[in-house]
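Just the heavy atoms: all of them, side chains too, but no hydrogens, waters or symmetry mates, feed the values below. By convention in this document, chain letters (A, B, ...) are assigned in the order of the sequence lines, proteins followed by strands, and residues within each chain are numbered from 1. Given the structure is predicted, the values throughout are model-derived calculations rather than measurements.
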Number of protein chains: 2
Amino acid sequence: MKTTISDIANRANVSKMTVSRVLSGKGPVSPKTAERINAIIDEMGYQPNLIARSLSSKRTMIIGVIIPKIQHMFLDNYIAQILSGITDIALQNNYRIMLCPIEPRPDRSMEYINLAKSKLFDGMILVKAKLDDPNINALAESDFPFVLVNYKKFSKKLNFVDSRNVEGATMAIKYLYDSGHRDIAFVAGSIDETNAKDRLKGYLDTIKELGLEYNENWIVYGDFNKEKAFQEAQKILNCSKRPTAIFCADDSMAIGVIERLRQEGLRVPNDIAVMGFDDIEIAEYIKPALTTIRQPIYELGKTASQSLLNLINGKQKPPLHKLLDVKLIKRESA
Amino acid sequence: MKTTISDIANRANVSKMTVSRVLSGKGPVSPKTAERINAIIDEMGYQPNLIARSLSSKRTMIIGVIIPKIQHMFLDNYIAQILSGITDIALQNNYRIMLCPIEPRPDRSMEYINLAKSKLFDGMILVKAKLDDPNINALAESDFPFVLVNYKKFSKKLNFVDSRNVEGATMAIKYLYDSGHRDIAFVAGSIDETNAKDRLKGYLDTIKELGLEYNENWIVYGDFNKEKAFQEAQKILNCSKRPTAIFCADDSMAIGVIERLRQEGLRVPNDIAVMGFDDIEIAEYIKPALTTIRQPIYELGKTASQSLLNLINGKQKPPLHKLLDVKLIKRESA
DNA sequence: CTGAAAGCGCTAACAG
DNA sequence: CTGTTAGCGCTTTCAG
């Protein structure tokens, strides 16, 4: 039942090496023997054992993709788009993808540096890593190829692909300003992600630049979580002076905020305008359709994947730092 | 830099075998040596080479998940939910997931039987396989463990997990009937999936059972594709006698149909009621919110994953045929 | 253009 | 409780 390279070699009266050369297409083999060997391979339905090949060649042609293990992670539209981009490029280059959802638990603190050591992957892509993740420093000290998506830190040993988050937040605030808003609140994301920090910075810098009122009660923290944003939005509404617009650091929080406003009998955008960030799929389906800053999420995945392959194949040396442009999407909510 | 089991063994003055026993936790080792070895492992930051382990043990602890390679497959809510279920169970059992998006191209006709032969996976889950896929028969003849999700064929060599599609369609038609509808059209899915066939059967059987009018012009084929359904819906509207309700074999087609009705100035559900099947995420967000038959999609994934592990570990023998219940979700569209 | 030898790093099987 | 032997199936390296 199980056919090995030796079986093929015996049948063809050649050495294993010749068969191996035919299989890989590399190295010189006479057309005639190659043809004969191929015929036998087809006839016997032989497929090389990838594990043996990997052990010997020290390459697995597998890319590990580390994603945060959240409830139903694949339903997260953001992660789904990143994965699409990563996978498309990897497949085009004959690499396979292994998904590694990792829970951010302390007892697993070195989980993916260990994965790197296990030799299962030729490289890794880390999606939505935490700012203080100890794995990242450990990886950076190794020579294992890896790329961070949605993480920004200008370090000589780190490779990342991210969106221009600061600029995106700036764009949002200026749009609200141009629409006449002067009192703008902000729902921040998880402060342990560089993303969230950048968007906060964009907000703060821009209201300062425009000379708008800074009110610390207008800044709440929603952890990139719809329910949390739903709760925290109330704090903004409780302020003695109510803002006329709320900018949220991502779309899911914007949806939570809109739900709260609706519950309080406030109309969006007439009473309060709401903006999100990301442009996830349902942004255009909800009512009112969400005005937001679109990140090129699928492109982030593609770029990360291509960059990793370049690192693996030595076509590129770290550090690799890429920032992609974002875009204002005007809809109904602001 | 690269530490192997031999390095650990040398440092601890034991044989590789003893280290291997400590690593696996199986086989007798004196507590004292075990402790000493563990200390050295920690100190040296040793991680076993998984590839070498797999080659030797003939198990990879990896499950291959075959999904149809469509544009942005991870954005397909259905696939995402299946993957969530599969992954959750696999991780709990220390298995990893490798995603294999496969294009249904003729030149790749034996792609996953070849994957099975490559020894990379201990088992495979095939999601949304086509009825006539030649791989399935080939796999069935091998002793490689695999489970089909969303495929139903009572064969002694096949293992599948599916929803009760016939019953679901029946449920939908009876609900429409109870709501007063007598003229019910049907938008079928891809006839090369068992799913689509079952839902068609449920529709046909039930209109017959209820004594409703059968009109072949009221049955169109939408290929589980929103745009196609949008087009095909027109054929139904062109009929001399227009139905009062349209049952669609999945939600995405229902959305396409609703768009067409809106474009034609017809109100849903007042002029024509529309029902879907699946209950994908956006079903509750669109206007009007979609009345549909909910498949336990996440559960399908979990069940498939658990079943496959049972097959791999010999706790279960083929054939394994499981059907999960569906449920009517009443919303606004019907 | 082809082959022989050596070994990737681990575990199964058996022996002590 | 511990060790020895013998591979797993392939590719690398070097030799012809």
Side-chain angles (χ1 to χ4, degrees), chain A residues 1-38 40-41 44-62 94 96 114-122, chain B residues 1-38 40-41 44-62 94 114-122 314:
Chain A
M1 208 62 249
K2 62 174 176 189
T3 312
T4 74
I5 198 171
S6 298
D7 299 326
I8 305 295
N10 291 150
R11 282 269 244 125
N13 286 315
V14 293
S15 70
K16 289 189 294 184
M17 208 41 233
T18 304
V19 179
S20 179
R21 286 190 181 105
V22 171
L23 250 22
S24 69
K26 295 181 199 302
V29 180
S30 85
K32 215 175 131 187
T33 36
E35 202 182 336
R36 184 161 45 97
I37 291 171
N38 273 322
I40 295 174
I41 287 173
M44 302 187 74
Y46 167 73
Q47 275 299 117
N49 180 320
L50 261 24
I51 297 295
R53 173 178 287 177
S54 296
L55 182 61
S56 180
S57 67
K58 300 186 185 307
R59 292 180 310 128
T60 61
M61 302 298 283
I62 300 174
N94 293 314
R96 296 180 193 289
N114 288 345
L115 276 174
K117 286 183 186 169
S118 73
K119 305 290 177 192
L120 196 48
F121 312 135
D122 292 344
Chain B
M1 204 66 245
K2 61 174 180 190
T3 311
T4 75
I5 198 171
S6 297
D7 299 326
I8 305 295
N10 290 150
R11 281 270 244 126
N13 286 314
V14 294
S15 70
K16 291 189 293 183
M17 207 44 230
T18 304
V19 179
S20 179
R21 286 188 182 107
V22 171
L23 251 22
S24 69
K26 297 183 197 301
V29 179
S30 85
K32 216 174 131 189
T33 36
E35 200 179 338
R36 184 162 46 93
I37 290 171
N38 273 321
I40 295 174
I41 287 173
M44 302 187 73
Y46 167 72
Q47 278 296 120
N49 180 319
L50 260 24
I51 298 294
R53 174 179 285 176
S54 295
L55 182 60
S56 179
S57 67
K58 301 184 184 307
R59 294 181 308 128
T60 61
M61 302 299 282
I62 300 174
N94 293 315
N114 288 347
L115 277 173
K117 285 184 185 168
S118 74
K119 303 291 179 192
L120 196 48
F121 312 135
D122 292 345

Should B:Thr18 be listed as having a side-chain N or O under 4.0 Å from OP1 or OP2 of D:dG3? yes

Could you list the donor-acceptor pairs under 3.5 angstrom formed by side chains in residues 46-54 of chain A, with sequence neighbours left out?
{"residue": "A:Asn49", "atom": "OD1", "partner": "A:Ile51", "partner atom": "N", "Å": "2.8"}
{"residue": "A:Asn49", "atom": "OD1", "partner": "A:Ala52", "partner atom": "N", "Å": "3.0"}
{"residue": "A:Ser54", "atom": "OG", "partner": "A:Leu50", "partner atom": "O", "Å": "2.8"}
{"residue": "A:Ser54", "atom": "OG", "partner": "A:Arg59", "partner atom": "O", "Å": "3.3"}

Minimum heavy-atom distance B:Ile37-B:Ala12, with the two atoms named: CG1-CB, 4.0 Å

Over all heavy atoms of both residues, which pair between B:Val14 and B:Arg36 is shortest? Give the atoms and the distance, please. CG1-NH2, 4.2 Å

Under 4.0 Å, heavy atoms only, any strand: does B:Ser54 hit a base, just the sugar-phosphate, or nothing? nothing

Under the side-chain contact (heavy atoms from CB on, under 4.5 Å) test, which residues partner B:Asn38, sequence neighbours left out? B:Val22, B:Ile41

Please report the distance, rounded to the nearest Å, between NZ in B:Lys119 and P in D:dG9. 8 Å

All side-chain hydrogen bond (donor to acceptor under 3.5 Å, both in side chains) counterparts of B:Thr33, not counting sequence neighbours: B:Ser30

Axis bend over the full length of the helix from C:dC1-D:dG16 to C:dG16-D:dC1, computed from five pairs that close each end, to 10 degrees: 30°

Counting only heavy atoms from other residues, nucleotides and ligands, does the tally under 6.0 Å from NZ of B:Lys119 exceed 12? no

Between B:Ile8 and B:Thr3 the two heavy atoms that sit nearest each other are CD1-CG2, 4.0 Å

d(NZ, A:Lys26; P, D:dT13) in whole Å: 14 Å

Which pairs count as salt bridge (Lys or Arg N to Asp or Glu O under 4.0 Å) when at least one residue sits in residues 5-28 of chain A, sequence neighbours excluded? A:Arg11-A:Glu43

Whether each nucleotide of nucleotides 8-14 of chain C has a protein heavy atom under 4.0 Å at its base (B), only at its sugar-phosphate (S) or at neither (-) is summarised, 5' to 3', as BBBBBBB

